[in-house]
Asks: 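To start, I am sharing the structure in question, which I have written as structure tokens.
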Amino acid sequence: MNTNLKETGKSAAQYYTKVWVDKETWMPLKYEMYDSSGNLTAKVEIWDLKVNSGIPDSEFVFNIPGDAEIKTTG
């Protein structure tokens with residue numbers, strides 16, 4: 001807890017984000033970020049997103065290089 005905020009009664013700046021989501025796929029389509037005064041500070045829109053577009057699972061397999069040093073912790 002920030003004791004300075006508690007002692008002065010001031011609150012930290014508040015930011016919020018609006019997110020638009022596709023009803024069928026639940027994929028995010030747009031984000032808007034606002035500052036504490038309600039001013040739009042950033043906007044991201046996703047256009048022409050292709051999901052599962054035929055990339056084989058083998059593209060995502062990580063193979064440890066033969067000369068890599070493997071360390072474990074714990």
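This structure is a prediction, so every number in the text was calculated from the model and none was measured.
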Asks: Verify the cluster assignment for Tyr31 and Trp26: are they in a single hydrophobic cluster under the rule of side-chain heavy atoms below 4.5 Å apart?
Replies: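 Linked within one cluster.
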Asks: Strictly distance-based, threshold 3.5 Å: is any side-chain N or O of Thr41 a donor or acceptor partner for the main-chain N or O of Met33?
Replies: yes
Asks: Could you tell me the separation between the CH2 atom of Trp47 and the CG atom of Leu29, rounded to the nearest 0.5 Å?
Replies: 10.0 Å
Asks: In the single-linkage hydrophobic clustering (I, L, V, M, F, W, Y; side-chain heavy atoms under 4.5 Å), do Ile64 and Val61 co-cluster?
Replies: no
Asks: Are the side chains of Lys18 and Tyr34 in touch, meaning some heavy atoms are under 4.5 Å apart?
Replies: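 They are in side-chain contact.
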Asks: With distance as the sole criterion, is a donor-acceptor pair present between the side chains of Gln14 and Tyr16 under 3.5 Å?
Replies: no
Asks: Looking at Val21, Ile46, Leu49, which one forms a side-chain contact (heavy atoms from CB on, under 4.5 Å) with Met27?
Replies: Leu49
Asks: Any link between Phe62 and Ile70 through a network of hydrophobic side chains (Ile, Leu, Val, Met, Phe, Trp, Tyr) touching at under 4.5 Å?
Replies: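 Yes, Phe62 connects to Ile70 through the hydrophobic network.
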